[in-house]
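One structure is given here, and the rest of the page talks about it.
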Amino acid sequence: MEQLKINQISEQVWEIPLTGAMRVPGRIYANENLMQVIRDDQSLKQVANVAQLPGIVGYSMAMPDIHWGYGFPIGGVAAFDIKEGVISPGGVGYDINCGVRLIRTNLVADQLKIDIKNLIAAIFNSVPSGIGSHGAIRKLSRRELERVAVQGAKWAIEMGYGSADDLQFIEDRGCLADAEPSVISQRAFERGADQLGTLGSGNHFIEIGKVVDIYDSTTAQAMGIFQGNLVLILHTGSRGFGYQICDDFIKSTLRATQKYEIKIPDRQLACAPLKSIEGQDYLGAMRAAANFAFANRQVISSLIYDSLMKTLKISPNELGFRPVWDIAHNIAKIEEHQYGGKKSRFAFIAKVQPVPSVPVILNYQKFIKQLVNQY
Amino acid sequence: MEKCGIKIINMEVDLSKSERARKSKFYRIFPHTADLGVEVYGANLLELFEHSALALFDLMANVAKVTEQKTCEFSVEAADIELLLREWLGELLYYSISRHFLFKSCQIEQFCEQKLIASASGEPFNPQKHILKREIKSVTYHELQIKNQGNHWKARFVLDI
């Protein structure tokens with residue numbers, strides 16, 4: 001593998017200087033120990049590849065959880081000029097709006113009146129998990145799925161999964177505007193029809209946790225989290241619906257890449273200009289998949305709630321079950337930011353959001369510390 | 001082959017001893033941090049495409065327990081040979097996932113650089129009988145590669161898992 005030049009900017013910031021077809025430098029946020037690991041795979045080359053995409057602004061960035069993905073590195077974040085930039089379905093990834101929900105309860109982990117294995121079994125029985133998992137709720141028709149794709153978590157709440165109060169704790173209140181179901185293939189609808197409310201496999205999980213350390217008591221109190229607290233974490237996304245949408249739109253953007261004469265260093269980075277019909281269609285479909293994922297986590301959350309209520313035989317007030325947050329880490333969004341002395345709109349692609357990134361979450365105790373520190 | 005009308009690819013099968021050995025282990029997993037890198041070998045391009053499909057089946061489930069009850073037909077087109085491989089594998093994966101169906105074998109009937117007509121056989125997934133190994137979300141385009149290695153062909157692709 002060719003060695004990329006890396007300059008250390010500060011203790012935790014590294015730069016890949018402009019080389020070859022790169023349009024902007026690469027920026028990696030990591031300490032020395034992490035960098036030793038990062039140098040061993042191809043993720044830095046992927047940071048440099050993303051830097052070659054048209055309209056990229058500032059830097060091709062990588063968060064501390066950077067590792068070798070496909071197209072974008074995992075941990076990769078990039079902003080694109082709304083007029084000159086591109087959108088890349090492979091950059092967002094197959095599991096559109098893969099995300100994490102943290103749920104708090106009133107329960108003290110060490111004072112559970114039942115064996116925790118019973119809780120795990122109850123959740124396992126009510127939330128289908130594993131390869132190709134399906135059948136959590138009834139199979140949805142195309143028309144119903146279109147409503148899910150437009151309304152997101154709100155659809156789930158209207159169907160009785162959870163409470164309207166939950167929405168305030170979900171990113172974008174569980175719904176991205178301007179979703180466009182009409183550009184989505186029949187294949188995607190087929191794959192999504194029986195998968196709403198399912199966890200899937202791979203690194204997706206439901207975890208029962210105990211809060212071990214509190215570093216900022218004011219923030220923790222605001223979040224409703226206390227020492228010894230039993231909380232739950234849910235990690236899943238848009239299931240087959242999102243996978244198929246990504247697959248379909250990589251194909252169409254590969255054609256667009258040729259049509260608009262865009263040079264890409266890796267076919268997985270196939271992209272279309274943001275303002276093109278291909279780019280707009282992908283954004284509409286991606287938002288629909290993101291809404292499916294918000295609805296999916298809302299349904300699963302409600303199934304978990306039912307399992308706990310049934311197993312613990314306590315009142316809703318005693319349980320005190322509610323989301324703390326629900327945040328996506330594979331997503332693209334149009335946002336307004338101050339850059340170069342003026343306010344402008346940019347398209348952001350993030351493969352993993354900086355704060356609730358998966359490697360941090362996998363180390364549960366550290367995650368809570370990190371989370372509390374961020375508030 | 002002739003029906004494709006594009007470029008006919010050498011399909012002669014003349015396996016040397018080492019190639020037979022390679023055939024017995026027709027693919028390997030190469031290290032990839034988050035996903036599944038697959039390297040497949042074949043004596044010629046046609047065998048490479050068949051072996052790639054067999055590798056996919058093998059990575060999805062315990063194929064030894066799958067019987068060939070039903071045969072499905074596939075017709076795939078793409079702009080070049082590497083994209084054709086991805087399309088071929090993508091179609092097999094889509095069918096398998098959307099129909100809850102497991103494949104065991106495949107046969108390529110017509111083949112050229114931009115088109116492939118093939119059949120694949122297997123049976124519906126039965127949780128009492130079959131063990132699924134992993135969920136494959138998609139066949140990615142990342143580092144998709146087909147190379148002539150002199151006396152054999154090699155393909156590399158990355159599966160999103």
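Numbered from 1 within each chain, the chains take letters A, B, ... in sequence-line order.
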So A/Glu190 and B/Ile97, side-chain contact (heavy atoms from CB on, under 4.5 Å) or not? Walk me through it.
CA-CA 10 Å; A/Glu190 273 176 31; B/Ile97 291 170; over 6 Å; no
When the 4.5 angstrom heavy-atom criterion is applied to A/Arg255 and chain B, the contacting part is neither
Taking side chain as everything from C-beta outward and backbone as N, CA, C, O, which of these in A/Gln258 sits under 4.5 Å from a heavy atom of chain B? Side chain, backbone, both or neither.
neither
Under 4.5 Å heavy-atom distance to chain A, tell me which part of B/Phe125 shows up: side chain, backbone, both or neither.
neither
Looking at residues at least two apart in the chain, or sitting in another chain, which of them share a ring pair (Phe, Tyr, Trp, His ring centres under 6.0 Å) with A/Tyr282?
A/Phe249
Is the closest basic N to carboxylate O distance between B/Glu77 and A/Lys251 below 4.0 Å?
no
Contact check, side chains of B/Leu83 and A/Arg267, non-hydrogen atoms, under 4.5 Å
yes
Counting heavy-atom pairs under 4.5 angstrom with chain B, the leader among A/Ser201, A/Cys246, A/Gly90 is A/Ser201
Would you please go through residues 126-149 of chain B and name the residues with a non-hydrogen atom below 4.5 Å from one of chain A, in numerical order?
B/Leu132, B/Lys133, B/Arg134, B/Glu135, B/Lys137, B/Ser138, B/Val139, B/Thr140, B/Tyr141, B/His142, B/Glu143
So how far is it from A/Tyr94 OH to B/Asp35 CG, rounded to the nearest 0.5 Å?
9.5 Å
Any chance you could lay out the side-chain contact (heavy atoms from CB on, under 4.5 Å) test for A/Asp194 and B/His100, step after step, and finish with the verdict?
CA-CA 12 Å; A/Asp194 62 356; B/His100 304 292; 3.7 Å; yes
Could you look at A/Leu269 and say if it's the side chain, the backbone, both or neither that has a heavy atom under 4.5 Å from chain B?
neither
Please state whether the side chain, the backbone, both or neither of A/Tyr70 comes within less than 4.5 Å of a heavy atom of chain B.
both
For atom CZ of A/Phe124, is the number of surrounding heavy atoms from other residues, nucleotides or ligands below 6.0 Å larger than 12?
no
Please rank A/Gln244, A/Gln46, A/Arg239, A/Arg191 by heavy-atom pairs under 4.5 Å with chain B and give me the top one.
A/Arg191
